[in-house]
Asker: 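What follows is a single structure, and I will ask about it in a moment.
Note that these values count all heavy atoms, side chains included, but never hydrogens, waters or copies made by symmetry. Quick caveat, the model's predicted, so the values are computed rather than measured. To find a chain, count down the sequence lines: A is the first, B the second, and so on, and within it residues start at 1.
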Number of protein chains: 2
Amino acid sequence: MNIIPNDAEPTEGSATHRAYLELREMIVTGQLKPGEKLKIDVLRKLLDTGASPIREALSLLTSDNLVERIDQRGFRAAEVSAENFEEILMLRSTLEDLALRESIANATDAWEECVVLAHHRMQRASDTGPKSFEPLHKAFHMALLANAKSPILLKFCSQLYDLNIRYRFLAGNTLNYKKRDVSEEHAGVLEAVVARDPDLASKRLLHHYRLTGEFLAGLIGKGFSK
Amino acid sequence: MNIIPNDAEPTEGSATHRAYLELREMIVTGQLKPGEKLKIDVLRKLLDTGASPIREALSLLTSDNLVERIDQRGFRAAEVSAENFEEILMLRSTLEDLALRESIANATDAWEECVVLAHHRMQRASDTGPKSFEPLHKAFHMALLANAKSPILLKFCSQLYDLNIRYRFLAGNTLNYKKRDVSEEHAGVLEAVVARDPDLASKRLLHHYRLTGEFLAGLIGKGFSK
DNA sequence: TAGCGGAAAAATATCGATTTTCTTTCTGTT
DNA sequence: AACAGAAAGAAAATCGATATTTTTCCGCTA
């Protein structure tokens with residue numbers, strides 16, 4: 001990530017790629033609501049581009065479980081539910097546990113430095129808005145796992161991260177989240193990673209997720225109203 | 001496939017959906033080779049359809065990790081490697097273990113009947129060609145897991161199944177596979193599931209995968225030549 | 001002869017218009 | 001008043017053509 005992150009989407013990349021990033025952002029942040037119909041024509045005008053890039057971007061977002069595609073009936077933003085949230089939490093716990101252990105097993109100094117750096121950048125941005133904090137938060141979590149030589153696993157984790165963070169946005173602003181002792185929890189995980197203690201690191205990471213899960217479950221309540 | 005193939009793809013569904021199924025089949029069976037460039041124009045003529053459905057189908061196949069998309073540089077069939085194979089095997093073991101246990105935990109008579117039925121259908125087709133056997137084989141394996149109330153997990157398992165079976169096709173014909181005691185292994189899993197013994201069922205299922213893995217690793221050798 | 005632009009060719013990506021499919025509304029009947 | 005069926009409207013899907021980008025190939029220079 002660089003300085004002046006947002007609004008930095010001029011003409012780089014293909015129209016499809018830009019549409020992909022924008023739509024993804026809109027869905028994750030809740031700007032496009034769960035279950036909402038995603039009409040090609042509306043989005044086309046909204047993003048000022050053609051129908052093809054939109055369709056293709058939406059097709060790609062289906063991979064990420066952020067968009068549902070119903071043949072001959074268009075696209076819609078993925079639904080949310082308490083069950084879905086639970087499932088994401090469960091899968092994240094399982095898969096990140098796996099990835100983190102593998103990552104630590106392959107530990108190198110270079111990787112360790114990347115993690116420390118990612119943590120520092122996230123810390124530095126902890127007082128700024130979610131717009132700059134969130135990407136760094138994700139970067140930190142992914143950096144923890146990045147040393148696992150398992151591309152598919154990492155892809156799954158990345159997807160689940162996005163699905164999870166979406167619930168944070170849907171549950172309201174993310175300020176409350178940061179009010180919690182998240183900072184300490186992160187530091188704890190980092191410490192265990194630097195100590196190359198897989199059990200402790202995993203324990204702390206999963207604890208972090210469990211707390212976040214309970215926290216969000218509380219905000220969410222039992223049901224979602226569209 | 002060949003001239004006048006299954007012909008069982010009339011006009012049902014959208015052109016995109018048909019293209020998706022055909023391309024997927026071609027990649028899984030190795031008709032489109034790993035790493036091969038997938039030129040829109042070639043496929044367009046091959047499947048006798050427009051460029052849009054092809055592009056969209058390829059975009060959807062990226063979800064399944066069967067196609068790689070490089071922005072502004074087109075699509076290609078996913079690469080294969082010994083590491084990739086190992087990873088798939090490892091993830092499958094982990095995730096199917098999870099799913100199978102959850103599935104058994106939620107066991108109902110109706111589900112049990114579906115599993116028995118799927119097994120029977122697969123058995124009945126065990127002497128026929130892979131063309132009819134393979135879908136039933138997949139159906140059986142997915143039926144085992146289907147009772148887990150975890151759509152995302154099941155989707156992952158389904159994807160990993162396809163990725164795995166691709167290696168079987170790439171390693172040569174699937175006849176050798178069936179020569180093994182696969183039939184007995186399947187029966188063993190079924191038995192344990194009917195007995196609702198999660199530990200035994202999982203143990204047998206993972207054993208089945210481990211054997212298949214070793215078997216394929218032997219065929220594959222260390223490297224893949226394009 | 002290796003390396004370096006720089007056209008020409010090829011392929012991708014995108015657009016605008018058309019066709020097909022779904023959805024809603026309207027109408028006549030029971 | 002309720003409902004089936006038809007017709008109009010809306011939206012998705014697809015096509016054909018064009019614009020953009022990447023790749024290839026060739027001649028030039030050092």
Asker: To the nearest Å, how far apart are Asp41(A) CG and dG16(C) C1'?
Answerer: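 To the nearest whole Å, that distance equals 12 Å.
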
Asker: Measure CD/Glu56(B) against C1'/dA12(D) and give the value in whole Å, please.
Answerer: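 For the pair Glu56(B) CD and dA12(D) C1', the rounded distance is 10 Å.
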
Asker: What integer distance in Å separates Arg69(A):CZ from dA12(D):P?
Answerer: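 One finds 11 Å between P of dA12(D) and CZ of Arg69(A), rounded.
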
Asker: Indicate yes or no: does Glu25(A) engage Lys131(A) in a salt bridge with an N to O separation below 4.0 Å.
Answerer: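 Here Glu25(A) pairs with Lys131(A) in a salt bridge, since their nearest N and O are under 4.0 Å apart.
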
Asker: Verify the contact: side-chain N or O of Lys37(A) to OP1 or OP2 of dA11(D), cut-off strictly under 4.0 Å; return yes or no.
Answerer: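 No, outside the criterion.
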
Asker: Between Asp71(B) and Asp71(A), just flag the one whose closest nucleotide in DNA chain C comes earlier from the 5' side.
Answerer: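 On the 5' side of the pair lies Asp71(B).
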
Asker: Does dT14(D) have OP1 or OP2 under 4.0 Å away from a side-chain N or O of Thr16(B)?
Answerer: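 The answer is yes; a side-chain N or O of Thr16(B) sits under 4.0 Å from OP1 or OP2.
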
Asker: Let me know the distance between CZ of Arg73(A) and C1' of dT23(C), rounded to the nearest Å.
Answerer: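 Roughly 10 Å, once rounded to whole Å.
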
Asker: What integer distance in Å separates Lys39(B):NZ from dT23(D):P?
Answerer: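 Rounded to whole Å, this separation is 12 Å.
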
Asker: Charged N to carboxylate O below 4.0 Å: is that the case for Glu87(B) and Lys149(A)?
Answerer: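 Lys149(A) and Glu87(B): not salt-bridged.
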
Asker: Base, sugar-phosphate alone, or nothing: which one does Leu38(B) contact when heavy atoms must sit under 4.0 Å apart?
Answerer: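 Sugar-phosphate, backbone atoms only, no base.
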
Asker: Using OP1 and OP2 only, check whether a side-chain N or O of Thr49(A) sits under 4.0 Å from dC15(C).
Answerer: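 The answer is yes; a side-chain N or O of Thr49(A) sits under 4.0 Å from OP1 or OP2.
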
Asker: Calculate the interatomic distance between Leu43(A) atom CG and dT14(C) atom P; express it in whole Å.
Answerer: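 Atom-to-atom, Leu43(A) to dT14(C), this comes out as 16 Å.
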
Asker: Between Arg69(B) and Glu56(A), does at least one N-O distance fall below 4.0 Å, as a salt bridge requires?
Answerer: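 Yes, Arg69(B) and Glu56(A) are salt-bridged.
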
Asker: Nearest whole angstrom, please: distance from the P of dG16(D) to the CD1 of Ile40(B).
Answerer: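 Atom CD1 in Ile40(B) sits about 16 Å away from atom P in dG16(D).
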
Asker: Please tell me which of the listed nucleotides, dT14(C), dT21(D), dT14(D), lies nearest to the side chain of Ala15(B)?
Answerer: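 Selected nucleotide (nearest to the side chain): dT14(D).
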
Asker: Measure the distance from CD1 on Ile54(B) to P on dT14(D) and round it to the nearest whole Å.
Answerer: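 It works out to 11 Å between those atoms.
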
Asker: Among the nucleotides dT21(D), dT21(C), dT14(D), which one has an atom lying closest to any side-chain atom of Gln72(A)?
Answerer: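 So the side chain of Gln72(A) is nearest to dT21(C).
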
Asker: Centre-to-centre under 6.0 Å for His141(B) and Tyr209(B), is that the case here?
Answerer: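 Centroid distance His141(B)-Tyr209(B): below 6.0 Å, so yes.
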
Asker: Strictly below 4.0 Å, N to O, side chains only: are Arg92(B) and Asp97(B) in salt-bridge contact?
Answerer: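 No salt bridge links Arg92(B) with Asp97(B).
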
